[in-house]
2 protein chains.
Amino acid sequence: MDRTTTTGNNPRRPDLSRDNLVDAAIGLIDRDGAGALSIRALADAVGVTPMALYNHFSSKRDLIAAVGERLIRSTQFDGGHGDWREQLRYCFGALRHLCLRHPGLPDLLKLDGVVPEAAYAPMDVTKKALQAQGMSELDSVRTFFLLTGYTLSQAAFQSHPTPALAPTEKVRRERISGRGHGPVDRRDPPPEWDFDASFSFGLGIILEGIEGRIRAR
Amino acid sequence: MDRTTTTGNNPRRPDLSRDNLVDAAIGLIDRDGAGALSIRALADAVGVTPMALYNHFSSKRDLIAAVGERLIRSTQFDGGHGDWREQLRYCFGALRHLCLRHPGLPDLLKLDGVVPEAAYAPMDVTKKALQAQGMSELDSVRTFFLLTGYTLSQAAFQSHPTPALAPTEKVRRERISGRGHGPVDRRDPPPEWDFDASFSFGLGIILEGIEGRIRAR
DNA sequence: ACCTGAACACCGTTCAAGT
DNA sequence: ACCTGAACACCGTTCAAGT
């Protein structure tokens with residue numbers, strides 16, 4: 001009765017469909033990051049030829065948008081039942097935790113600036129909460145972009161420990177920087193950096209600024 | 001006397017060096033975006049073999065970091081001579097305009113989370129301005145990340161008009177979405193969107209939030 | 001010290017062909 | 001309607017060799 005048959009000697013070969021392919025794609029990025037999502041790797045994962053995917057997605061962009069769509073649609077953003085502050089904390093806390101659960105997500109969305117239509121769920125929460133306080137629609141949309149930009153950038157920052165240098169790169173780096181060029185090191189947050197507290201602090205500042213704007217109406 | 005000789009029939013072949021290569025790399029990203037910066041394209045642009053670049057950069061990451069380093073170092077961030085509000089407006093206005101002048105820059109920095117050391121110039125401006133108002137060092141660093149995340153995300157958003165679909169992709173999209181799958185369109189800001197005003201609005205909210213935090217000390 | 005050339009293991013996508 | 005196979009024009013990087 002289950003039509004998910006195993007053809008040939010391929011371990012699992014589900015029916016190809018948008019839903020199944022998006023499932024597999026999320027598996028790839030969760031295991032190995034946004035860079036691991038390629039048409040070829042996905043085709044390999046489901047036991048099919050790369051070109052077969054183009055019957056279900058018009059391009060890699062389309063695939064990425066579908067992944068973002070699925071992930072965002074699987075999240076509830078309007079769970080706060082307090083005042084507007086609590087609603088926004090809930091909404092962007094949910095967005096942040098979604099990004100932390102799927103560390104490849106911010107990179108994926110940043111790739112080519114893909115913004116899935118589902119992103120308008122958190123936008124609607126924001127607009128509703130702020131317009132109820134007398135803020136104009138334009139300003140509430142602007143505030144949405146502020147909150148989203150902050151949340152995504154912080155989540156991306158947290159999810160990106162500086163990758164270790166390849167051994168050959170280390171050797172080249174020593175050779176190059178030993179000849180008059182300054183070091184090109186990057187600095188990371190100290191290991192004891194509290195990302196939760198830091199995010200909460202920034203969000204608090206934004207909410208306080210919003211409150212001032214609302215009071216001044 | 002000028003040692004920038006033209007060898008062979010290559011139009012211009014400057015001496016290879018970090019500085020000259022970074023110059024050429026900036027030329028590439030300014031003309032065709034962050035995606036146009038590849039080891040091979042850069043080698044081609046300066047008339048040399050790809051592998052020659054590895055005598056001057058240890059990896060593509062190293063090259064990207066050097067580009068970011070140069071661009072950020074070429075900018076003045078501490079030009080505001082008013083109160084802390086004006087100093088921060090100047091600092092992050094400068095960062096924003098740098099990103100708009102080099103639309104590939106935010107993408108480049110986002111790539112692998114490269115943060116050039118030079119980014120600590122705007123951080124120092126922020127710390128100095130806020131600690132003078134009694135804010136702790138930790139909170140001023142957190143505020144720096146808030147301001148930077150917001151500024152970069154807005155600039156990236158502004159620099160990324162949705163690219164036109166390739167003709168073949170349009171055909172595939174019609175075929176796919178004509179069969180039960182919902183459309184996977186993306187929405188852009190309306191064409192009359194005022195990015196300057198929107199950025200200024202968000203920055204104002206952040207500054208207002210900071211002021212509240214300062215007053216509550 | 002610096003550069004070349006061939007090779008490896010990848011990409012997204014096109015095109016023509018199969019069923 | 002859906003999938004394959006070969007090909008194209010790309011990637012970053014390794015390795016061995018030249019001068």
Side-chain angles (χ1 to χ4, degrees), chain A residues 3 7-8 10 13-18 20-21 25 28 32-65 108 111-112 114 163 165-181, chain B residues 3 7-8 10 13-18 20-21 25 28 32-65 108 111-112 114 163 165-181:
Chain A
R3 293 223 296 103
T7 51
N10 203 283
R13 172 160 175 177
D15 293 324
L16 253 52
S17 72
R18 285 210 144 218
N20 287 332
L21 289 171
L28 288 181
D32 296 314
L37 178 54
S38 71
I39 296 282
R40 296 174 116 102
L42 178 57
D44 226 62
V46 299
V48 94
T49 272
M51 279 314 296
L53 303 190
Y54 285 91
N55 289 301
H56 306 274
F57 298 97
S58 62
S59 66
K60 191 182 179 182
R61 280 181 63 88
D62 188 21
L63 168 62
I64 291 175
L108 227 53
L111 226 67
D112 299 306
V114 178
L165 300 189
T168 58
E169 181 177 355
K170 211 177 73 181
V171 159
R172 281 194 299 248
R173 195 176 283 256
E174 282 163 6
R175 176 162 47 83
I176 294 168
S177 71
R179 281 181 290 118
H181 306 293
Chain B
R3 293 223 296 103
T7 50
N10 203 284
R13 172 160 176 176
D15 292 324
L16 253 51
S17 72
R18 284 211 143 216
N20 287 332
L21 289 172
L28 288 182
D32 297 313
L37 177 54
S38 72
I39 295 282
R40 295 173 116 104
L42 178 57
D44 226 60
V46 299
V48 94
T49 271
M51 280 313 298
L53 302 190
Y54 285 92
N55 289 300
H56 306 275
F57 298 98
S58 62
S59 67
K60 190 182 178 183
R61 282 182 60 89
D62 187 22
L63 168 62
I64 291 175
L108 227 54
L111 227 68
D112 299 306
V114 178
L165 301 188
T168 57
E169 179 176 357
K170 210 178 74 182
V171 159
R172 281 194 299 248
R173 195 176 283 253
E174 281 163 5
R175 175 163 47 83
I176 293 169
S177 71
R179 284 182 288 119
H181 306 294

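Predicted model, so just to flag it, every value in this text is computed and none were measured. Residue numbers begin at 1 in each chain, while the letters A, B, ... track the order of the sequences.
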Find out whether A:Leu42 and A:Leu53 are in side-chain contact, i.e. whether some heavy atom of one side chain is under 4.5 Å from a heavy atom of the other. yes
Provide the distance between the two C1' atoms, one in D:dC10 and one in C:dA9, to the nearest whole Å. 13 Å
Is B:His56 near enough to C:dC3 that one of its side-chain N or O atoms lies under 4.0 angstrom from OP1 or OP2? yes
Given the rule in the side-chain contact (heavy atoms from CB on, under 4.5 Å) test, do A:Asn20 and A:Val46 qualify, once you have shown the distances and angles that lead to the verdict? CA-CA 9 Å; A:Asn20 287 332; A:Val46 299; over 6 Å; no
Given atom CZ of B:Phe57 and atom P of C:dC2, what is their separation to the nearest angstrom? 13 Å
Atom CG of A:Leu16 to atom P of D:dT4: distance rounded to whole Å? 8 Å
Here the distance between atom C1' of C:dT13 and atom CD1 of A:Ile39, to the nearest Å, is 9 Å
With respect to the side chain of B:Tyr54, which nucleotide from C:dT4, D:dT13, D:dC3 is positioned closest? D:dT13
Can you find a side chain N or O atom of A:Arg172 that sits less than 4.0 Å from OP1 or OP2 on D:dT14? yes
If pairing requires Watson-Crick or G-U wobble contacts with both distances under 3.5 Å, which nucleotide is the partner of D:dA16? C:dT4
Rounded to whole Å, the CD-P distance (B:Glu169 to C:dT14) equals 9 Å
By nearest nucleotide on DNA chain C, pick out whichever of A:Ser58 and B:Pro50 is the more 5' one. B:Pro50
To the nearest Å, give me how far apart CZ (A:Arg40) and C1' (D:dG5) are. 12 Å
Salt-bridge criterion met for A:Lys170 and A:Glu174 (N-O under 4.0 Å): no
If you define the side chain from C-beta out and look only at heavy atoms, does anything of A:Asn55 sit under 4.5 Å from A:Leu16? no
How close or far is atom P of C:dC11 from atom NZ of B:Lys60, stated in whole angstroms? 15 Å
Output yes when a side-chain donor or acceptor of B:Thr49 lies under 3.5 Å from a complementary backbone atom of B:Ala52, and no otherwise. no
Please state how far atom CE in A:Met51 lies from atom C1' in D:dC8, giving the value in whole angstrom units. 13 Å
Does any nucleotide pair with D:dC11 by Watson-Crick or G-U wobble geometry, both distances under 3.5 Å, and what is it? none
Round to the nearest Å and state the distance from A:Arg175 atom CZ to C:dA1 atom P. 9 Å
I want to check one thing: is the phosphate of D:dC3, taken as OP1 and OP2, less than 4.0 Å away from some side-chain N or O of A:Thr49? no
Hey, which sits more toward the 5' end of DNA chain C by its nearest nucleotide, A:Ser59 or B:Ala52? B:Ala52
